[in-house]
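FYI, the numbering just counts along the sequence from 1.
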Amino acid sequence: MTHLHAGLSPETIEKSRLELNENPDTLHQDIQQVRDMIITRPDIGFLRTDDAFILRFLRARKFNQMEAFRLLAQYFQYRQLNLDMFKNLKADDPGIKRALMDGFPGVLENRDHYGRKILLLFAANWDQSRNSFVDILRAILLSLEVLIEDQELQINGFILIIDWSNFSFKQASKLTPSILRLAIEGLQDSFPARFGGVHFVNQPWYIHALYTIIKPFLKDKTRKRIFLHGNNLNSLHQLIHPDCLPSEFGGTLPPYDMGTWARTLLGPDYNDENEYTHSSYNVIHVKHVPTIVEGEDSPKYMKRSQSVVEPGTLRHEEERENENTQPLLALD
């Protein structure tokens with residue numbers, strides 16, 4: 001085992017070998033071969049090229065070196081093309097902070113039975129007078145940057161659950177093709193995360209219509225891992241055990257506290273009613289510029305559905321066969 005595997009359990013190392021083609025004996029050679037390709041893209045500023053950083057891209061592409069390099073290049077190119085998004089990409093940036101405080105994203109403390117981190121989005125909480133879609137996307141990207149530092153998550157990946165309860169047609173009308181494409185490019189094409197599933201819950205009819213907008217931007221494999229559960233939480237529980245879920249999704253855990261992840265990023269002394277003054281998490285390998293953090297009021301009460309159903313039967317995702325669960329799209 002190399003130093004790059006420090007902290008990983010033997011079970012996770014074996015999982016990476018079997019599922020991601022990771023070979024400890026050739027690991028450094030694999031990393032160097034990706035690094036050697038950087039010279040072919042002089043138009044891109046590769047701001048970080050250390051072994052641990054390149055390794056996450058190899059894992060995200062199952063150690064296909066060419067695909068890993070393509071993802072690495074797209075990662076930095078996306079940041080070059082969207083410089084304003086990545087200026088001051090840290091938790092106490094005013095726009096990011098507001099999004100985090102409003103629960104964008106939510107991050108459950110415990111992982112699912114496959115070791116994946118569960119992210120939550122309560123769509124109706126998008127107050128468009130308070131948060132721009134871009135700031136919500138920035139908060140999600142920042143959160144992923146923090147989480148992907150965990151090697152276990154580089155291997156096991158993530159699950160995303162989006163609750164569309166009370167998400168209005170007016171709110172949906174703000175999801176324009178340009179901003180949806182920005183999100184897809186940032187998550188599907190330019191970030192080294194493995195998404196094992198994206199689950200829609202309580203979605204209205206017009207969310208289905210969004211598929212026709214985003215379909216041209218999706219890869220073929222990307223269209224297989226979003227599941228539309230509607231109000232049938234039993235079908236959700238067949239893929240994610242209720243023991244891993246808060247009560248909003250019919251789980252056995254307490255209701256999700258919207259401030260949990262914001263307090264994690266901003267620090268243990270964070271107070272919703274006062275500006276946080278201590279140093280907060282800053283993403284590495286992103287250029288920061290100083291900003292003045294503006295004052296904010298406490299976030300509004302967050303609306304969430306409280307649907308509770310009897311726990312379903314846990315099944316492996318690859319064995320799912322449920323008429324009420326419709327594949328739509330996904331991120332990988």
Side-chain angles (χ1 to χ4, degrees), residues 1-28 30-31 34 48-65 67-68 71-72 75 91 100 105-121 139-161 187-188 190-199 225 239-246 251 253 256 260-265 268 281-285 314-318 330-332:
M1 184 177 75
T2 74
H3 71 280
L4 292 170
H5 288 149
L8 288 175
S9 67
E11 294 78 13
T12 304
I13 293 174
E14 178 65 6
K15 179 179 182 178
S16 186
R17 184 184 71 82
L18 294 175
E19 296 184 11
L20 306 184
N21 306 310
E22 183 167 342
N23 183 350
D25 295 333
T26 62
L27 188 59
H28 290 283
D30 293 333
I31 291 170
V34 173
R48 183 178 171 187
T49 59
D50 58 275
D51 287 359
F53 187 68
I54 291 177
L55 177 57
R56 67 186 62 170
F57 291 86
L58 281 163
R59 286 170 171 162
R61 292 297 180 262
K62 296 185 177 182
F63 276 76
N64 181 315
Q65 295 162 6
E67 290 298 319
L71 180 61
L72 177 68
Y75 175 92
L100 291 170
V107 180
L108 296 185
E109 181 179 355
N110 297 324
R111 304 176 187 186
D112 77 353
H113 287 67
Y114 302 107
R116 299 171 297 193
K117 201 71 169 175
I118 301 175
L119 278 62
L120 309 175
L121 293 176
I140 293 171
L141 289 170
L142 170 67
S143 299
L144 287 171
E145 289 281 5
V146 177
L147 293 167
I148 205 65
E149 292 288 332
D150 185 336
Q151 289 201 73
E152 294 274 344
L153 295 181
Q154 294 174 21
I155 295 168
N156 294 325
F158 300 87
I159 292 291
L160 175 62
I161 305 176
L187 297 169
Q188 172 191 256
S190 308
F191 197 85
R194 305 182 67 218
F195 281 90
V198 180
H199 300 269
R225 296 178 186 168
L239 303 177
I240 307 174
H241 199 283
D243 289 350
C244 305
L245 297 172
L253 299 178
Y256 182 71
T260 299
W261 183 239
R263 287 191 291 269
T264 298
L265 291 190
Y281 181 91
N282 292 335
V283 173
I284 56 178
H285 61 76
L314 178 65
R315 297 185 302 165
H316 195 283
E317 288 201 26
E318 293 180 355
L331 307 174
D332 196 339

Flag the pair [X] / [Y] as yes when at least one side-chain heavy-atom distance between them is below 4.5 Å, and no otherwise.
X	Y	answer
Glu109	Thr264	no
Cys244	Ile159	no
Ile31	Leu55	yes
Tyr256	Leu108	yes
Phe158	Leu147	yes
Leu144	Leu119	yes
Val34	Gln65	yes
Arg111	Arg116	no

>> Restricting to salt bridge (Lys or Arg N to Asp or Glu O under 4.0 Å), what partner residues turn up for Asp243, sequence neighbours left out?
In response: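 If we apply the salt bridge (Lys or Arg N to Asp or Glu O under 4.0 Å) test to Asp243, skipping adjacent residues, there are no hits.
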>> Can you list everything that forms a salt bridge (Lys or Arg N to Asp or Glu O under 4.0 Å) with Asp25? Sequence neighbours excluded, please.
In response: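 So Asp25 forms no salt bridge (Lys or Arg N to Asp or Glu O under 4.0 Å) with any residue.
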> Yes or no on side chain to side chain contact (heavy atoms under 4.5 Å, CB included) for Lys117 and Asp150, after CA distance, side-chain angles and deciding distance?
Replying inline: CA-CA 10 Å; Lys117 201 71 169 175; Asp150 185 336; over 6 Å; no
Looking at every heavy atom in both [X] and [Y], which two are closest together, and how far apart are they?
X	Y	answer
Phe191	Leu71	N-CD1, 3.8 Å
Phe195	Arg225	O-NH1, 3.3 Å
Leu187	Leu141	CD2-CD2, 3.8 Å
Arg59	Ser16	NE-OG, 4.4 Å
Leu265	Ala91	CB-CB, 3.8 Å
Ser143	Leu100	OG-CD2, 3.9 Å

Just by modelled atom types, is the [Y] backbone N or O under 3.5 Å from a matching donor or acceptor in the [X] side chain?
X	Y	result
Asn21	Lys62	yes
Glu19	Ile155	no
Arg194	Gln154	no

>> For Tyr75 and Phe53, take the angle between the two ring planes, folded into 0 to 90°, and tell me which bin it lands in: parallel under 30, tilted 30 to 60, perpendicular over 60.
In response: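 Answer is perpendicular, since the angle exceeds 60°.
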> Does the pair Glu149/Arg56 count as a salt bridge with the N-to-O cut at 4.0 Å?
Replying inline: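 Answer for the salt bridge query: yes.
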>> Evaluate His28 against Leu4 for side chain to side chain contact (heavy atoms under 4.5 Å, CB included), listing each step before the verdict.
In response: CA-CA 9 Å; His28 290 283; Leu4 292 170; 3.9 Å; yes
>> If we check side chain to side chain contact (heavy atoms under 4.5 Å, CB included) with Leu245, which of these qualifies: Ile161, Asp112, Leu253?
In response: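 Output: one option passes, namely Ile161.
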> How many angstroms lie between CD1 in Ile54 and CG in Asp50, if you round to the nearest 0.5 Å?
Replying inline: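 Between atom CD1 of Ile54 and atom CG of Asp50 there are 7.0 Å.
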>> With salt bridge (Lys or Arg N to Asp or Glu O under 4.0 Å) as the rule and sequence neighbours excluded, what pairs involving residues 6-16 come up?
In response: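 For residues 6-16: Glu14-Arg17.
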